[in-house]
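The structure under discussion appears below in the form of structure tokens.
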Amino acid sequence: MKKRCVGMLLAGGEGKRLGLLTKNLAKPAVPFGGKYRIIDFTLSNCSNSGIHTVGVLTQYSPLVLNKHIGIGKPWDLDRQEDGATILSPYTAKKGGSWYQGTADAIYQNIHYIDQYDPEYVLVISGDHIYQMNYEELIQHHEEKQSDATISVIEVPWEEASRFGILNTHDNLEIYEFDEKPAKPKNNLASMGIYLFNWKTLREYLVADAESDTSDHDFGKDVIPAMLNDEKRMFAYRFEGYWKDVGTIQSYWEANMDLLEEDLSVSLNNKEWRTYSQDTNYPPQFLDENAVVENSLINSGSWISGTVKNSILFECIDVGAQSLVSESILHPNVKIGKGCTVKRAIVMENVDIPDNTVIDGTTEEEPVVINRDYVEQLT
Amino acid sequence: MKKRCVGMLLAGGEGKRLGLLTKNLAKPAVPFGGKYRIIDFTLSNCSNSGIHTVGVLTQYSPLVLNKHIGIGKPWDLDRQEDGATILSPYTAKKGGSWYQGTADAIYQNIHYIDQYDPEYVLVISGDHIYQMNYEELIQHHEEKQSDATISVIEVPWEEASRFGILNTHDNLEIYEFDEKPAKPKNNLASMGIYLFNWKTLREYLVADAESDTSDHDFGKDVIPAMLNDEKRMFAYRFEGYWKDVGTIQSYWEANMDLLEEDLSVSLNNKEWRTYSQDTNYPPQFLDENAVVENSLINSGSWISGTVKNSILFECIDVGAQSLVSESILHPNVKIGKGCTVKRAIVMENVDIPDNTVIDGTTEEEPVVINRDYVEQLT
Amino acid sequence: MRRLMGLINLEHEHDFLEELTYFRCGAATPFAGRYRLIDFTLSNMVKTEIEEVAVFTNKKYRSLMDHVGTGSDWELARRHGGLFILPPDWNDPTDISRGDLRHFHNNRDYFNRSKADHVLISGSQFLANTNYEEMFNHHVKSGADVTLLTVHLDDELPEHKSQLRVTADNGRVTQLTNDQNNKEAFTNVYIIKKDVLMDLVDECIAFHKDHFFFHGIKENLDKLHVESYQYNGYAMFVNSIESFFRHNMKLLSPDAYRRLFFDNSYVRTKISNEPPVKYRETADVKNSLLANGCVIDGDVSGSVLFRGVKVQKGATVKNSIIMQRCTIEEGVHLENVILDKDVKISGGQTFIGSSEKPFIVAKRKVI
Amino acid sequence: MRRLMGLINLEHEHDFLEELTYFRCGAATPFAGRYRLIDFTLSNMVKTEIEEVAVFTNKKYRSLMDHVGTGSDWELARRHGGLFILPPDWNDPTDISRGDLRHFHNNRDYFNRSKADHVLISGSQFLANTNYEEMFNHHVKSGADVTLLTVHLDDELPEHKSQLRVTADNGRVTQLTNDQNNKEAFTNVYIIKKDVLMDLVDECIAFHKDHFFFHGIKENLDKLHVESYQYNGYAMFVNSIESFFRHNMKLLSPDAYRRLFFDNSYVRTKISNEPPVKYRETADVKNSLLANGCVIDGDVSGSVLFRGVKVQKGATVKNSIIMQRCTIEEGVHLENVILDKDVKISGGQTFIGSSEKPFIVAKRKVI
């Protein structure tokens, strides 16, 4: 059946710079914001934008991610005819291999896209935190009669050289793609969100797949090739909050951003809900001695101690006389009595014994606590 | 969450002896009975038996199969927490490979089974036609306090040497597994349906995976190993219709069996429906000149000619003055005017031009018609 | 198509189908071998990519609820949006609204909650297989408050008598009348801006009105911008036994069958998992529509057979409509008959009606 | 568990919860921060792996329908089986059945269609978090026609007055009385053989009875084999404002909270995708239950806050139950108050009730 737009969500990233957090977990599956996984933001964007045909390309440590997405119910993507479809690298009889690059990942799944005979293909990735209406991007694309539209965000000039910069004419038509330029001419950074006319992209993907010299990457190969052929390519300016949570520090910061008041990624926005698995935990319980300030706490949690400036996922226990501050506690973390936990990220299912002191305030990055860490303590 | 029984459905078979029918299609995906694919029978058995946690192990040509199963809606297996899950061979960074054997296929997916912490694991395959209540098998297993139960069917003594034969005591306890015995002591053939206590099976799978000499096959390795250790293993007698559609001839026969009256695989049995994708085609239309006898015809078909002793899938056209007999027409086959099609299997989307004569009655096996065949005609 | 939401308003539809609607509302009446009347409107909405559809029911809505279930067979079983069957269940003693205004008033939440700006409103008696995308584009482009879907009547049939006729000036509707000489008929399908709808609802309630379309729109043609948009495909009105019988039979012409079912993607209905039709040795079937699950030993001609009908050896079914799971035993002769579902006609009997006055048997009768 | 089907029978449940049940039936009343009363029974049935559940509704069932939706949040959105809300919609003029027998009579299909041999019947006012597997095993093993679930009352509370007391001889029920000295109380949860149920329904209808349990079972104790089965976990009856308030408050004791919610797997309810609770700088929350989506700037103690409640700076909420999406503005002081959903209390006001007679505000009021 024909669909106007198919979303292809790249979710295979290893996220190496997230260290322990991505040791057994793809980056898009990393818990975020007290209730979500990083990919929930992109999946919810699709759902809220009316894009109901979404191929999710997984490869690195896909188990938790696959389980999380399931049949796509939380995002209303549980559809027999389309919906969310997990696309893992295919293993043929003679073996299989990972996708060679972002473009190769799409190329390997041409058959998936073709069956919906779409007008457009939206290429997005599952490791950014933002809330965006892709329908507006599509409308921009249609108005400009574009072959490809790339979403951009203004970054501080001093940081521009860390990004892929798009040089555009006044009408936002792109004439050059500058990957991490030493001397940026512009401060419009690509957000890694591409909308293509499928007919056009398909040709470029096939050509790119045949090239021996290509890295099979959108930024490095496909976009430059299209620019070279003078295809109509436009930038689309995005104004809201957008964050790549690439490092432990930026992951921690992006979580803490949620404690700010005026954050445009407003989780409380009823018009643009972020959906995730919801597992029917009971309401959280704060006892007689609880002190909680400037924090987010999820269901099933039981607070007897003090929590400040922190993000607590579901089913957390914080014991009496304990202090948790500037920290992120992943699901099922149990903090014993009399503990102090500062500027730490405590990973899922970790039990912190009574009277433990963890202080990440002196470190460069927040400290990440897993079970091994706790075992070494005792 | 805990589940009593997890079904593991082996659906990766190439079905080489089905020739053209499985050229681009896994055997379980081959169309059957005017409306179904072979795997529908097993999936419906699961659903009707109350087994709602089903891992479907695909590898050979999985695209059509994956699409057919989708999120499992027709079988009521579209569940966020369990339901039908496609399990393809995993591709790790350094590459991936096909399952080495039936036991290896289950071994590679231990993590999938473990998450449901089941009492039992039911191993079944997606290439047989039968209607069976697995709940009765489980009850038999429980009554016998068995470690493993294998479903068996009585075969004619003269054919017994073509099967894996289970030699049992009077109480149906298995003491020997005889693979294709020259001199069978018994005519109870294994149907390839195994129920195991998961705890026991798990140990044997792990041991089997470590063995260099094993073929990692249930029949060849795991069952003999368990027998060797004197595990409690019982046969469960199945009395109904059961057919392995392994060759073109047996595929054709099994289809023609559906035209028999007393067939125990009764598609009209409301208590045991066989479910499949249903695509909302309009009712079939027989015009003024139609003659239809002893045939099954599916929705969306338009009959102007004569159809006898045949099975017609959805959206078939049979033109005026054409005769179709003893044939199987897969979906979207269009038979022109003045054609004769006898003892043929016409594959999906094939258009037979006007006045074509196809006669498979003189061949040893029914003739299989694909597009190439038709192109050679013209 | 998030800007458009759907409403199937059954409040003012009468149950005109005699025995067929004794226990079900008209919208739930079986039609054309495997459908119910409501399937056409519902499928058209789904094809228009409408993701929220409410149904205002009046009474006898149980079989309707049973038919649509969770909406999943129309891909409308959604966590957000989806299908809402809204039976009358009013408990506010201060509520002064009447007629279908009561539904609008008591279901205000449904409209407020949605992000859609426009509402497509339809009954269940206009049958076509289409999508409303072009009509909606016309509506938006023209900036109309309301856009009415019309058809041009080539022949005047009894069922057309109750259809309002539309007089338009350059697309803009100036009059809605009962003038049978005007061949431009209103289909009871229209698109309205949501805020205009809500304002008109308030106004109607305040003035004790009881029919939203008549009082809210027809009486306000001078104040509203009402456009007309013509539908040109195969279409029909089913609002009487006679039209019900005739339009079923008309589908036995190859042209009508193709135009209704194949000119657009398929009409969705409840999935029932019936096996293919089984024709046995003695079957003789001509010029008929058959749905899956039928088992045929006898003679069938010029008839529409619904799912799971059994026609035994030596039975003859001619120019008849036989609904789900009926059994026609040996030697029975039926002509111009409508059997509602689950009827069993035991051996040897003959029932003959006329095409103007078919012989009707209510459901679950054993005769 | 295909042998057991479920029925939640609300026909004879009165809407005893004053303002809270003006516009909703008792079963749909919010409870314990994120649930509705019916969630407990429904979840228990799902935990028992029952795959077909019907709900006999009487009136004010709209919010109930809205709450359960397609049943998908209970994994009951099924193609076969699943959840059926069955509102009263009777159209048969020959129907002579009365009371809840009308439901049984008009929904005979639901029972006949199922492959189950036994029916678990429950109301919505007995709350526990359990599964009925052991009870069912007892029922099957004892060969009983009917098995009644009972609880032993440690303390006699006002809400227990209306519960029948069970006298059993070696497990076999001999008497059902109103004797308050008998501490073995019937929970209105029972399992009955399906064929016994259908026979008793016919008998009751024939004799113009109007209450299935009283006339079909209680009056037939001598003819039927009725077993009693005791439940020992944390449980309560909620059938008055007073018991509603008390049992909400009781959950603020850590022991009760743990026993109700953690002794068995979680109680399912409608998913609402609210974000985690946000505690701001000035928040001071003690001894309270809070559901997701709340935003707290003020003081909260001894209270139950449902999803999406906002307590602004300088507001105090004490010993109160605040339902979904209420807003408590600056400087407000609430004590022993129940706010129904969507209430807004504007700045500076004080409302104080007592624990016996809490101050109740009906939904959507702005004060």
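In what follows, every chain begins at residue 1, and chains take the letters A, B, ... in the order their sequences are listed. Just so it is clear, the model here is predicted, and its values are computed rather than measured.
Classification of A:Asp127 and A:Lys243 as a salt-bridged pair fails, no side-chain N sitting under 4.0 Å from a carboxylate O. At a threshold of 4.0 Å, the pair D:Asp39-D:Lys270 does not count as salt-bridged, since none of the basic side-chain nitrogens sits closer than that to a carboxylate oxygen. Using a 4.0 Å cut-off between charged side-chain N and carboxylate O, A:Asp244 and A:Lys27 make a salt bridge. In summary, D:Asp297 and D:Arg280 engage in a salt bridge, as defined by a charged side-chain N under 4.0 Å from a carboxylate O.
D:Ser72 touches chain A through backbone and side chain together, each having a heavy atom under 4.5 Å away. Contacts between D:Leu260 and chain A at a heavy-atom distance below 4.5 Å are absent for every atom of the residue. Heavy atoms closer than 4.5 Å to chain A are found in the backbone of D:Val267, but not in its side chain. Interface remark: D:Val295 contributes side-chain atoms only to the contact with chain A (heavy atom separation under 4.5 Å). Contacts of D:Phe262 with chain A are made by side-chain atoms alone, with heavy-atom separations under 4.5 Å and no backbone atom involved. Contact annotation for A:Lys308: neither backbone nor side-chain heavy atoms come within less than 4.5 Å of a heavy atom of chain D. Of the two parts of A:Ser276, only the backbone, made up of N, CA, C and O, holds a non-hydrogen atom closer than 4.5 Å to a non-hydrogen atom of chain D. For A:Phe313, no part sits under 4.5 Å from any heavy atom of chain D, backbone or side chain. Using a 4.5 Å cut-off between heavy atoms, A:Asp287 contacts chain D through its backbone alone, with no side-chain atom that close.
For the set A:Asp78, A:Val307, A:Asp278, the entry with the most heavy-atom pairs within less than 4.5 Å of chain D is A:Asp278. Considering only heavy-atom pairs separated by less than 4.5 Å from chain D, the leading option among A:Gly34, A:Pro282, A:Gly33, A:Pro74 is A:Pro282. For the set D:Ser288, D:Gly308, D:Cys294, D:Gly302, the entry with the most heavy-atom pairs within less than 4.5 Å of chain A is D:Ser288.
Side-chain atoms of D:Val311 and D:Leu305, non-hydrogen and from C-beta on, do get closer than 4.5 Å to each other.
Around NZ of A:Lys342, the count of heavy atoms belonging to other residues, nucleotides or ligands within 6.0 Å does not exceed 12.
With a 6.0 Å cutoff to the six-membered ring centre and a 45° limit on the axis angle, A:Arg273 does not count as a cation-pi contact of A:Tyr275.
Considering all non-hydrogen atoms of both residues, D:Thr269 and D:Arg36 come closest at OG1-N, 4.5 Å.
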